[in-house]
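What follows is a short report on a single structure.
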2 protein chains.
Amino acid sequence: MVKISDVARHAGVSPSTVSYVLSGKRSISEETRRRVQDSISELGYRPHAGARALASSRSNVLALVVPLRTGIHVPVVMQFAVSVVTTARRHDHDVLLLTQEEGDEGLRRVADSALVDALIVMDVQLRDERLPMLRTLDRPSVLIGFPAETEGLTCIDLDFRAAGEACLGHLAGLGHRVVGLIGSPPEVYERGTGFAERTTEGFLAAAGEHGVDASVHPCEATADAARALVERLLDEHPDLTGVVVHNEPVLDAVVKAFQAAGRRVPEDLSVVAICPDELAEHAELPLTSVAIPAEEVGRGAVELLMDKLDGKDVPAATLLPPRLTARASTAPAAAG
Amino acid sequence: MVKISDVARHAGVSPSTVSYVLSGKRSISEETRRRVQDSISELGYRPHAGARALASSRSNVLALVVPLRTGIHVPVVMQFAVSVVTTARRHDHDVLLLTQEEGDEGLRRVADSALVDALIVMDVQLRDERLPMLRTLDRPSVLIGFPAETEGLTCIDLDFRAAGEACLGHLAGLGHRVVGLIGSPPEVYERGTGFAERTTEGFLAAAGEHGVDASVHPCEATADAARALVERLLDEHPDLTGVVVHNEPVLDAVVKAFQAAGRRVPEDLSVVAICPDELAEHAELPLTSVAIPAEEVGRGAVELLMDKLDGKDVPAATLLPPRLTARASTAPAAAG
DNA sequence: GTGAAAGCGCTAACAC
DNA sequence: GTGTTAGCGCTTTCAC
């Protein structure tokens, strides 16, 4: 293994000079820098990560905790993860992958052992059991999602409340007066996942403002459940003309079920989805949707963390504004 | 930060004794062990990962390189990743997440800097550009998937050849004489992804043996492409009575398209899928399938790596036998 | 602008 | 069965 002293000898300088060339923490003459860099590439030198972490008390590694639960859309999790890794690399950091399963003890383990400098936690519940741990850890963290109490934390996510409002606003603007929200599976609500509740709040609040008749319906992530729910919905609300679907796996099934029930989309019934853009674009009938900006959230989380590691102040809450794209699944309500 | 010398002082022993209690690398009296362990938990001591890596030249971290390409089924990638992380943790290791994007240079970076002890590489191509790097690296690696030339490598995967054979064998056993394979998107074949070719080989070889008329058809991962392909298939092979589908995203669309074309499944047409069991089970019509054993492959990869790190010899190739589960999508061919 | 040297916290040889 | 101690390879003060 080639070490910093080998490089120093080869370049005819001291080890500290090599270190400073690498870190840029003090000025180096152009001539010296060049010689050192030539030696580095000639010898194929790579600083030993452990030695560096020990001496500098920085590992340049971030922890990313991914969820493993039912009711969350896996591809979105991967998008987050890839975005986090890519952004971290741009900041010269690596990413350690942890699963939810490790719990708060796992967070303490990687933080206290100095394996990681900072943590990103996905799929945060309203009263997440990991929050006390995150607050007492001496390392910065960023949550993707919002717990009930954000005191002392840094959170980032799509503004789901605004997303719910935007969906309802779009339908209301098209003249729809009776609409429904087909939401996440019941367990997502039961365990108090912020995004589901917040979407509902925004949806209902906007319905109140617009004088729209609105109802909310959790839905299991199966086609059967979707069909049953659509039937019930049409039964209970025969004059329904619009729905918002916040449940990726059943998007297709919902549209199909309405069609099977004799409702043309969008002529008789408008559908707005809250889902990743690719899903909405590539649906059989391209869907009007509010995007889940996984890439931006992941990138934003890393950038907040980098700022915190640099000792900068960052906002406690970062809410990304919803972006609604009108596609083929919504149309003005038939004159009634 | 509490360090090993703090624990030693607190327990009235030397630092090395604490170290040996932790590593179990020499025998310790019961009495001493207890005192040390009490001190550890009382003080909340965690060994510093960097210091440990520096002194022992073991980081206890594995690299996992995940694919980012089109034509691969994202949930399966997540299953691999979770299985790798879970198994690694059982062996007291953590997992560093790398993306394909980093290329072979990324592999060298984490290996040469001693950030990781070993590497797992997913989605290996037949002539993968990272192979030369992996061969020269001084750290062990395991590939998920098989390149054309496995000399000097350790590989593990489902035995796709046997899977192709099993699917055809199942259909042939039911009396089907004209069958098709609906495969991965064309780009998967073009870039020489081993699993797609191997499935095809097994499928065709078994067809030869059973005297079955078989054809192979790559298919884009969209419902439209699936519909078009099914129409063409029925046009060119009007007496087709069985298909194997090795393309997760279009499973549903394929079944629907056959039904739309007036073929009842399984009465007129049998369908065998190669896909994760959950997908086959939860399809609208539960599908006879050969499982993609993501969990076993991930676990196996980590265990091979642990053996290699322990200096044990491991088989160069590990092929997991296919497991076919008959469900509602296959039936005997109508007497013809 | 550069060098010398003191650690960073741990492991493992060596000694008893 | 336990203690002493010399590194592991780097960063960073202190000195010039």
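Order of the sequence lines fixes the chain letters, A, B, ..., with proteins taken first and strands second; residue numbering starts at 1 for each chain. Only this structure's heavy atoms are used, side chains among them; waters, hydrogens and symmetry mates stay out.
- Remark: P of dG9(D) and CZ of R58(B) are 16 Å apart, rounded to the nearest angstrom.
- Contacts of T32(A) with the nucleic acid, taken as non-hydrogen atoms under 4.0 Å apart, involve only primed sugar atoms and P, OP1 or OP2.
- Rounded to an integer number of Å, the gap from E31(B) CD to dT2(D) C1' is 13 Å.
- Atom pair L54(A):CG and dG9(C):P shows a separation of 7 Å (rounding to whole Å applied).
- D128(B) places a side-chain N or O within donor-acceptor distance of the main-chain N or O of Q125(B), the cut-off being under 3.5 Å.
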Item to check | Footprint string (nucleotides 10-16 of chain C, 5' to 3'): B base within contact, S backbone only, - free, heavy atoms under 4.0 Å | outcome: BSBBB--
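- At least one donor-acceptor pair under 3.5 Å links the side chain of K308(B) to the backbone N or O of S141(B).
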Item to check | side-chain hydrogen bond (donor to acceptor under 3.5 Å, both in side chains) assessment of T17(B) paired with S14(B) | outcome: CA-CA 5 Å; T17(B) 296; S14(B) 73; 3.3 Å; yes
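- The distance between atom CD1 of I40(B) and atom P of dG9(C), rounded to the nearest whole Å, is 17 Å.
- Judged purely by atom type and a 3.5 angstrom limit, S59(B) uses its side chain to pair as donor or acceptor with the backbone of L115(B).
- The backbone N or O of A316(A) sits nowhere less than 3.5 Å from a side-chain atom of T154(A) that would complete a donor-acceptor pair.
- A donor-acceptor pair under 3.5 Å is formed between the side chain of H48(B) and the backbone N or O of A51(B).
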